[in-house]
Amino acid sequence: MRARGRRWGRADLTGDPLLVARALLGAYVVAGPVRLRLTEVEAYWGSKDPGSHGYRGMTPRTEVMFGPPGHLYVYRSYGIHWCANIVCGTAGECAAVLLRAGEVVAGHDVVAERRPGVPVRDLARGPGRLTKTLGLVGEDDGASLVGRGAPFALYGPPEPVPDTIVRTGPRVGVSGPGGDGETYPWRMWIDGEPSVSVYRPGKVRRG
DNA sequence: TGTATGATTGGCT
DNA sequence: GCCAATCATACAT
């Protein structure tokens, strides 16, 4: 049996979202019988960040992101998929880390039922696929990952993920503040992981 | 009340 | 590489 990392609490998610995102690489998300090792994440930082849903202030949808760290922010993407974030930062500011990709390390039987015919490396390769594999839906928006009785849980990496295998780059599908397709390098992933999603540049706006 | 848009994916050319 | 699917959200009217 592989050693298991320490269960994370609210304190582990408090602070700079970029540092939290880095720390989440290699961490485990537990949803019922399914456990996922995170291999790719993106940071979103509220009012500093035109790419964030919370950039223009709090709305009913983004309310969770302004709350205390340790909760899920789940939203519908393109009317079809669900995408999941872990709220981090500090209560009152808007910060979250989008879960983009991971590797299934437990609960394969359940996942196989949920996602028949899907190749192993594609099970959680991309944010929409990841939520499907974990079974996350809109009703899980606001649910907690920390504390006793939380429906979900988060465990730190069993072994530290060294900086030498961590890569950073522009976020996927987000156009940056410059407008020229410039983006913040707030996407982070573990190099060489087959589950890491394919990069696609954000839509170029006319101009 | 109407409408444009998107932190995507899967299927087809 | 290109494009449709499909709907909640945000914002204009």
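Every chain is numbered from 1, with letters handed out A, B, ... down the list of sequences.
Note on A:Thr59: a side-chain N or O is less than 4.0 Å away from OP1 or OP2 of C:dA10. The side chain of A:Arg115 places an N or O atom within less than 4.0 Å of a non-bridging phosphate oxygen (OP1 or OP2) of B:dG10.
Of the possible donor and acceptor atoms, none in the side chain of A:His71 sits under 3.5 Å from a partner among the backbone N and O of A:Gly67. In terms of modelled atom types and a separation under 3.5 Å, the side chain of A:Arg115 and the main chain of A:Leu123 share a donor-acceptor contact.
Taking atom CZ of residue A:Arg187 and atom P of nucleotide B:dT8, one finds them 11 Å apart after rounding to whole Å. Atom CZ of A:Arg100 and atom C1' of B:dT8 are 9 Å apart (whole Å). As a whole-Å value, the separation of A:Glu63 CD from C:dA8 P is 19 Å. Nucleotide C:dT9 holds its P atom 10 Å from the CZ atom of A:Arg76, rounded to whole Å. Taking atom CZ of residue A:Arg61 and atom C1' of nucleotide C:dC7, one finds them 12 Å apart after rounding to whole Å. Between A:Met58 atom CE and C:dC11 atom P the separation is 14 Å, expressed in whole Å. In this structure, the CZ atom of A:Arg171 is 15 Å from the C1' atom of B:dG6, given to the nearest Å. Summarising the geometry, the separation between OH on A:Tyr78 and C1' on B:dG10 is reported as 14 Å, rounded to the nearest angstrom.
Judged purely by distance below 3.5 Å, without hydrogens or angles, the side chains of A:Ser195 and A:Glu40 never pair a donor atom with an acceptor atom.
Under the Watson-Crick or G-U wobble criterion, with both distances below 3.5 Å, C:dT6 is left unpaired in every strand shown. Pairing for B:dA7 is absent, with no Watson-Crick or G-U wobble pair whose two atom distances lie under 3.5 Å.
From A:Leu154, atom CG reaches atom CG of A:Leu38 across 7.5 Å, with rounding to the nearest 0.5 Å.
A:Leu98 and A:Cys83 make their closest contact through CD1-CB, 4.1 Å (heavy atoms, listed as atom of the first residue, atom of the second, distance). Nearest heavy-atom pair across A:Arg114 and A:Thr133 is NH1-O, 2.7 Å.
Only the P atoms considered, C:dA4 is 16 Å distant from B:dA4, to the nearest whole Å.
Taking the side chain of A:Arg129 as heavy atoms from C-beta on, and the options C:dA10, B:dA7, B:dT9, the nearest nucleotide is B:dT9.
Within residues 79-90 of chain A, the residues approaching DNA chain C are A:Gly79, A:Ile80, by heavy-atom distance under 4.0 Å.
Annotation: A:His53 is not in aromatic contact with A:Tyr44 [ring centroid separation under 6.0 Å not met].
Taking 3.5 Å as the limit, the base of B:dA7 and the side chain of A:Tyr75 contain a donor-acceptor pair of atoms between them.
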